[in-house]
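Structure, as structure tokens:
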Amino acid sequence: MISRAQTVAFQGVEACPVEVQCAVAPGLPAFSIVGLPDKAVSEARDRVRSALAVMSIALPSKRITINLSPADLPKEGSHFDLPIAVALLAALEILPPEAANETLSLGELSLDGTLVAITGALPAALAAAAQDRTLLCPKGSSAEAAWVEAATVIGAASLSELIRHFTGQGVITPAQPGEVIDGPPDKDLSDVKGQEVARRALEIAAAGRHHLLMSGPPGAGKSMMAARLPSILPPLTPQEALETSMIHSICGLIEAGGVSRARPYRAPHHTASMAAIVGGGRRAQPGEISLAHNGVLFLDELPEFARAVLETLRQPLETGDVMVARANAHVRYPSRFMLVAAANPCRCGYMTDPARACPRAPSCGADYMGRISGPLMDRFDLRIEVEPVAFADLERSRPGESSATVAQRVAQARAIQAERYVACDGASVNADAEGRVLEDVAQLQDDSRALMMQASEHFGLSARGYHRVLRVARTIADLDGAPQIARDHVAEALSYRLPR
């Protein structure tokens, strides 16, 4: 007799269906697992055998073969423990074979039969809903999986509890989704004293999801302002929250089954490797640019990052996704993020201060910023210089606008853009507009067009730079509530783009 159970194998954020087939046949006693399993899957036989022994279930003196189909798909992870146990129990007629085949299960087994929480419960629940199956998973992962309303999720604490559920001795109530984590931000924009230009640039960047580069001496407040950017961003929409949570689920970053509506904020160190930033490793895991999907990626000390790492950002910044290619996997991850970077003007950081600059100024500044390639620099919509604030100004300055006040204007601008791009696939904010769509939404009047032409010829704007100025001008007009882009909007957009 061959029994069957259903599970999934993860390829990026996609859960590929896998059928677990179990055959118990006469022959020398053996327990083998085939179907391209990795080490963790091969070790499942020892965990399953121990868990069954704790429940006083003896394996027959026969040859037990577990096949993971399709056999050419790599199987990785310990979540195959539970479907292997379910298929084996169905073959031993302890569980109803029909019920085992009609459910999708995943979970790791302890030696005593306890089910351990696993990563990837959310993509697995989507796969179960697509197949119209019930999802069986550890109780620790059930609140996360239950966010998929179309799937019925059964969370069990142990294998024995799951057996009692199948046999009707103790039916488990379907799991409920975890709480929405949406606490108020602990960092407010009102903490920033002075820096009006930088505050305005942050507001424009948040309103249109534009990439921002801040340069200035140490202590000017670049990192401080970047850390307060999430406080003025609108919360994730339900669709965005699901997309972001799928990636975080694969990496095990969802705590207690709660889904956050706050936008991600990732700030990797400049010593991070390419695999950490872009994604990769043995299992082709997502990197920081994917973990920041629909949120903010902050790169402090931008010129200190490895040149190869910075250059790999160019393609995701344009396309909104990244392909992680390995010998055994080609995985595509979404990576549509807002890039915010900070840099000192030179290695010592005080090139603009005659009293503290090193003897190599100003040539050291060109050498230091030259580590950032022209094509990457061209992808920043906004470039500002952050000047230090004097101590006397810190004492006299009144608190600036709060994050709540700025966030309200940003939300209004985002609402205008959402209505504008409702019929456009792949575009939701001004930063996404391109081609014919950009021409339609960013039409210039004669005086504005003349200013753009003059600036393009004088400063040598590239075609990409020209279009980015148009997008920023459109965002500035949206913040003003203006239906058309005025000359003042173009002039302000150019001031954030042109060299000073």
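Quick note: residue numbers are just sequence positions, from 1. Computed from heavy atoms alone, side chains included, the values below leave out hydrogens, waters and symmetry copies.
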### Summary
In short, side-chain hydrogen bond (donor to acceptor under 3.5 Å, both in side chains) pairs touching residues 59-70 with sequence neighbours left out are Gln21-Asn67
Output the distance between atom [atom1] ([X]) and atom [atom2] ([Y]), rounded to the nearest 0.5 Å.
X	Y	atom1	atom2	answer
Leu115	Leu109	CG	CG	5.5 Å
Ile372	Leu299	CD1	CG	10.0 Å
Leu82	Leu162	CG	CG	6.0 Å
Ile154	Thr103	CD1	OG1	10.0 Å
Tyr265	Leu229	OH	CG	7.5 Å

## Note on the structure
Sorted by chain and number, sequence neighbours left out, ring-ring contact (aromatic ring centres under 6.0 Å, His included) with Phe305 holds for none
Looking only at atom types and distance, does a side-chain atom of [X] sit under 3.5 Å from a main-chain N or O of [Y], one as donor and one as acceptor?
X	Y	result
His248	Leu291	yes
Lys75	Gly35	yes
Asp188	Ser402	no
Arg133	Asn101	yes
Ser142	Lys139	yes
Gln417	Ala413	yes
Thr475	Ala207	no
Thr7	Ser105	yes
His211	Leu339	yes
Thr312	Val309	yes

### Message
Leu313 vs Ile277, test: side-chain contact (heavy atoms from CB on, under 4.5 Å). Steps then yes/no.
### Response
CA-CA 9 Å; Leu313 297 178; Ile277 298 294; 4.1 Å; yes
Considering residues, nucleotides and ligands other than [X], do more than 12 of their heavy atoms fall under 6.0 Å from its [atom1]?
X	atom1	answer
Glu318	CD	yes
Glu149	CD	no
Asp46	CG	yes
Glu434	CD	no

Partners passing salt bridge (Lys or Arg N to Asp or Glu O under 4.0 Å) against [X] (at least two apart in sequence or in another chain):
X	value
Asp432	Arg209, Arg336
Glu161	none
Arg45	none

### Task
With sequence neighbours left out, write down each residue that passes side-chain contact (heavy atoms from CB on, under 4.5 Å) with Asp378, or none if nothing qualifies.
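Partners of Asp378 under the side-chain contact (heavy atoms from CB on, under 4.5 Å) test: Arg383, Ser462, Arg464, Arg497.
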Please tell me if the side chains of [X] and [Y] come closer than 4.5 Å, counting only heavy atoms from C-beta onward.
X	Y	answer
Asn430	Arg420	yes
Leu36	Val41	no
Val437	Tyr421	yes
Leu376	Leu317	yes
Gln285	Val331	no
Leu189	Glu203	no
Pro268	Leu297	yes
Arg474	Arg471	no

### Task
Give the C-alpha distance, both sets of side-chain angles, the deciding distance and a yes or no for side-chain contact (heavy atoms from CB on, under 4.5 Å) between Ile250 and Thr119.
CA-CA 5 Å; Ile250 292 293; Thr119 61; 6.0 Å; no
### Task
Sorted by first residue and then second, give each ring pair (Phe, Tyr, Trp, His ring centres under 6.0 Å) pair with at least one member in residues 59-103; sequence neighbours left out.
Phe10-His79
### ring pair (Phe, Tyr, Trp, His ring centres under 6.0 Å) contacts in which one or both residues fall within residues 17-47, not counting sequence neighbours
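Every candidate ring pair (Phe, Tyr, Trp, His ring centres under 6.0 Å) pair involving residues 17-47 fails, so no pair, neighbours aside, qualifies.
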Can you see which heavy atom on [X] is nearest to which on [Y], and at what distance?
X	Y	value
Ser290	Ser335	OG-CB, 4.0 Å
Phe298	Ala341	CE1-C, 4.3 Å
Ala145	Ala125	O-CB, 3.4 Å
Val148	Ala129	CG1-CB, 4.1 Å
Trp147	Gly178	CZ2-O, 2.7 Å
Leu202	Ile232	O-CD1, 3.8 Å

### Query
Is the shortest side-chain N to carboxylate O distance from Arg379 to Glu311 below 4.0 Å?
no
### Query
Do the charged groups of Asp440 and Arg436 touch, with an N to O distance under 4.0 Å?
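Salt bridge flag = no for Arg436 with Asp440.
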Sort and list the pairs that fulfil salt bridge (charged side-chain N to carboxylate O under 4.0 Å, His left out) and have at least one residue in [range], not counting sequence neighbours.
range	result
residues 14-24	Arg4-Glu19
residues 80-99	Arg47-Asp81
residues 103-112	none
residues 223-243	Asp191-Arg228, Glu240-Arg263

### Task
Run the numbers on Thr134 and Glu102 for side-chain contact (heavy atoms from CB on, under 4.5 Å), then give the verdict.
CA-CA 7 Å; Thr134 300; Glu102 291 172 358; over 6 Å; no
### Task
Decide side-chain contact (heavy atoms from CB on, under 4.5 Å) for Arg371 and Glu304; before the verdict, give the C-alpha distance in whole Å, the side-chain angles of both, and the deciding distance to 0.1 Å.
CA-CA 8 Å; Arg371 298 181 181 182; Glu304 297 293 339; 3.7 Å; yes
### Task
Check step by step if side chain to side chain donor-acceptor pair (under 3.5 Å) holds for Ser160 and Ser158.
CA-CA 5 Å; Ser160 59; Ser158 64; 3.1 Å; yes
